[in-house]
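Reckoned from all heavy atoms, side chains included, excluding hydrogens, waters and symmetry mates.
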Amino acid sequence: MKKLMLVFAAAGLVQVCFADEPRATKAEAEAMVKKGVATLKSSDKEKVYSDISAKNGPFTVRDLYLVVYRMDGTVLAHGANTKMIGKNLIDLKDIDGKAFVKERVDLAAKNATFWQKYKFVNPESKKIEPKQMYCERLEDTIVCGGIYE
């Protein structure tokens, strides 16, 4: 069985340790988002955005990665596709026609934390799969990390 361990450092940051399993879990996604939020609160945002977007960086494990949006739908950091950084994806739709970024922004306007379902390309399998995204609002941004079902 997979185990998730959180270790609290003196600086108050969360270190996330993952067991060796092929897919991330909801608990791992929540822990990764919380790690991202804590790091953004305590560090230079531009450096953290760069770390989030780094291939094989500290915010990417297997099929789990972080994405940070401004509340207008503009991508500030993307752990799976750096070509998205700087683009406004508010009108982006999944294969079923769901405007998932707009829905995410709308959910963030009403909720400090939430889960969202949609379909997206899994960076590991390269296939479109059902995905659940956990998000936390941080000031005028949304920090998200998701799991593939």
Are Val75 and Val101 in one and the same hydrophobic cluster, where Ile, Leu, Val, Met, Phe, Trp and Tyr link if side-chain heavy atoms are under 4.5 Å apart? yes
Just checking, any donor-acceptor pair under 3.5 angstrom between side chains of Ser125 and Glu129? yes
Flag yes if Tyr49 and Tyr65 sit in one hydrophobic cluster, no otherwise; membership is Ile, Leu, Val, Met, Phe, Trp, Tyr, and two members link when side-chain heavy atoms are under 4.5 Å apart. no
Ring-face cation contact, Phe100 with Lys93, 6.0 Å cut, 45° max: no
Quick one: do Lys98 and Asp96 satisfy salt bridge (Lys or Arg N to Asp or Glu O under 4.0 Å)? Show the steps, please. CA-CA 6 Å; Lys98 182 177 190 171; Asp96 295 329; over 6 Å; no
When rounded to the nearest 0.5 angstrom, what is the spacing between CE in Met32 and OG1 in Thr60? 7.0 Å
Quick one: does any side-chain atom of Arg137 pair with a main-chain N or O of Asn111 as donor and acceptor, under 3.5 Å? yes
With clusters defined by side-chain heavy atoms of hydrophobic residues (ILVMFWY) lying less than 4.5 Å apart, directly or transitively, does Leu138 cluster with Ile142? no
Would Glu139 and Lys41 pass as an ion pair if we require N to O under 4.0 Å? no
Less than 4.0 Å between a side-chain N and a carboxylate O, is that true for Asp106 and Lys102? yes
Say you draw a straight line from CZ of Phe120 to NZ of Lys131; how long is it, rounded to the nearest 0.5 Å? 6.0 Å
Provide the closest heavy-atom pair for Leu64 versus Ala24 in the form atom of the first, atom of the second, distance. CB-CB, 3.6 Å
Please check: side-chain N/O of Asn88 versus main-chain N/O of Asp72, any donor-acceptor pairing under 3.5 Å? yes
Specify the closest pair of heavy atoms between Val33 and Gly145, including all atoms of both residues, with the distance to one decimal. CG2-N, 3.2 Å
Same cluster or not: Leu92 versus Met84, using hydrophobic residues (I, L, V, M, F, W, Y) connected whenever any side-chain heavy atoms lie under 4.5 Å apart? yes
Pair Lys34, Glu136 - check side-chain contact (heavy atoms from CB on, under 4.5 Å), show working. CA-CA 8 Å; Lys34 290 181 184 314; Glu136 291 191 12; 2.7 Å; yes
Check: Thr39 main-chain N/O paired with Ser43 side-chain donor or acceptor under 3.5 Å: yes
To the nearest 0.5 Å, what is the distance between CZ (Phe114) and SG (Cys144)? 5.5 Å
Please say yes or no: joined through hydrophobic side-chain contacts below 4.5 Å, possibly via intermediate residues, are Ile85 and Leu76 part of one cluster? no
Please check: side-chain N/O of Glu28 versus main-chain N/O of Thr25, any donor-acceptor pairing under 3.5 Å? yes
Just one of Leu66, Ile52, Val67 clears the side-chain contact (heavy atoms from CB on, under 4.5 Å) bar with His78, so which one? Val67
Under 3.5 Å: donor-acceptor pair, side chain of Ser50, backbone of Glu46: no
Between Glu149 and Gln132, does any side-chain donor sit less than 3.5 Å from a side-chain acceptor? yes
Smallest separation among heavy atoms of Asp51 and Pro58, with atom names: O-CD, 3.8 Å
Any donor-acceptor pair under 3.5 Å linking the side-chain atoms of Arg104 with those of Tyr69? yes
NZ of Lys26: more than 12 outside heavy atoms within 6.0 angstrom? yes
Give the minimum heavy-atom separation between Lys45 and Leu40, together with the two atoms involved. NZ-O, 3.7 Å
